Number of protein chains: 2
Amino acid sequence: MSKPHQPRKHARQARARATQEAIVEAAARILEADGASALTTNRIAERAGVSIGSLYQYFPDKRSVIAQLLRRERAALLDDVRAASDGGGDPFAAVGALVDAALRHQFARPAMAMELERVETGLAMDNEEIALAAAIETAIGNILRRLDPQADAATARDVVAICRAIVNTAALAGETDPTRIRERVLRAVIGYLRPPAFSIP
Amino acid sequence: MSKPHQPRKHARQARARATQEAIVEAAARILEADGASALTTNRIAERAGVSIGSLYQYFPDKRSVIAQLLRRERAALLDDVRAASDGGGDPFAAVGALVDAALRHQFARPAMAMELERVETGLAMDNEEIALAAAIETAIGNILRRLDPQADAATARDVVAICRAIVNTAALAGETDPTRIRERVLRAVIGYLRPPAFSIP
DNA sequence: GTCTATATAGAGATAGAC
DNA sequence: GTCTATCTCTATATAGAC
């Protein structure tokens, strides 16, 4: 059998996927290194090693590049959260695993996560993003209800918000020790979930 | 004595101050109504009822308009926090007053506060802003130490972050009842401050 | 001192050669 | 399919009349 000189269809598709992923990852790296204001289509193309024309071959506009990065990150978080909810029966351990997932997600690339959040707020969510966000909220709610039977959608949102806020603030202030931050996040989350025994004035 | 037909110096200064304030408030209203991406110098001038040329008579560049808005908001928060720390001896009441101050600040104009935060992150702080932020942190730390003697700068940052995060998330999700939100913020903050009696896994 | 008109720069996006 | 060159738009900021 001679060497085929025309790539098969799925080989081309694989190459196309790789290029798409390179573009998305280039956007991630720019966010990480230089922030949201540096995220221009020309820079994305340059960093991805393709021309601006090629970028627009793969994505209809800038927004869709960011949207795909968002989907990628959210899908990874969803996987992590679901894995956390599989862990055994101890409710405290489950919440601990949930916090770990959130921290891992936020701490893997803290600057990127922060800048992506900033960009996200200015973007309308499409259907797939809404579905992912809802799935994450549901999965988190399932875990939280093991500790706090009244936990609802607002509870899940608050817990995510607390995790993000403490990690982002710590990262901005130059903290780098995840265990110290984990301890603080857990205190806030557990305290939030279990109504304190003392009275609130 | 005839009607003076030339304004005195401090009258001119007062007019100038009023124009400056009108420009800053116009920026605030644009953030509130249309978000950070709509905050252009032309729109600020238009909304303030002056021409773009006049805006640049009062501010050297766009950044300094935003900076003055930031200073205005931070100074107001500092006043509120200091007032909260004056209240009597009960540490829980003091923390409650602190949370109320933060909520009042964030809830007075939630959309504006959120968008201003977004803009802020992309801006380098000047000396006056750094001083204000430090003063706020110190004042909060003084209150927190009444409940938690180990409270340090990171503690104060975390508490502010928790307040902001829960309020912003709630506002984004369409919640409007401040008392419900206050209860959740207090649970998270008090839980964060007092190490729980049960063990953390 | 306030305006209109405009210079300048950089963004997103497209056209058309190869 | 990928590139270079470029269009178009909109932003910040300035110039110069009044």
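The chains referred to below are lettered A, B, ... by the order of the sequence lines, with proteins before strands, and numbering in each begins at 1. Any value given below was found using the heavy atoms of this structure, including those in side chains, with hydrogens, waters and symmetry copies removed. What you see is a predicted model; the values in this text were computed from it and never measured.
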Pairs satisfying side chain to side chain donor-acceptor pair (under 3.5 Å), at least one member in residues 76-89 of chain B, at least two apart: B:D80-B:R104
Give the rounded distance in Å between these two atoms: [atom1] of [X] and [atom2] of [N].
X: B:Q57; N: C:dT2; atom1: CD; atom2: P; answer: 7 Å
X: B:I23; N: C:dG1; atom1: CD1; atom2: P; answer: 14 Å
X: A:L55; N: D:dT4; atom1: CG; atom2: P; answer: 14 Å
X: A:I44; N: C:dA11; atom1: CD1; atom2: P; answer: 11 Å

If you measure from the Lys or Arg side-chain nitrogens to the Asp or Glu carboxylate oxygens, is any gap between [X] and [Y] under 4.0 Å?
X: B:E128; Y: B:R74; result: no
X: A:E115; Y: A:R118; result: yes
X: B:D126; Y: B:R71; result: yes
X: A:R29; Y: A:E25; result: yes

Produce a footprint string for nucleotides 12-18 of chain D: one letter per nucleotide, 5' end first; B if the base is under 4.0 Å from any protein heavy atom, S if only the sugar-phosphate is, - if neither. BBB----
Does a side-chain N or O of B:S54 approach OP1 or OP2 of C:dG1 to a distance below 4.0 Å, or not? no
Check DNA chain C against residues 114-128 of chain B and give the residues with a non-hydrogen atom under 4.0 Å, in numerical order. none
Just checking A:Y58: base, sugar-phosphate only, or nothing, at a heavy-atom cut-off of under 4.0 Å? sugar-phosphate
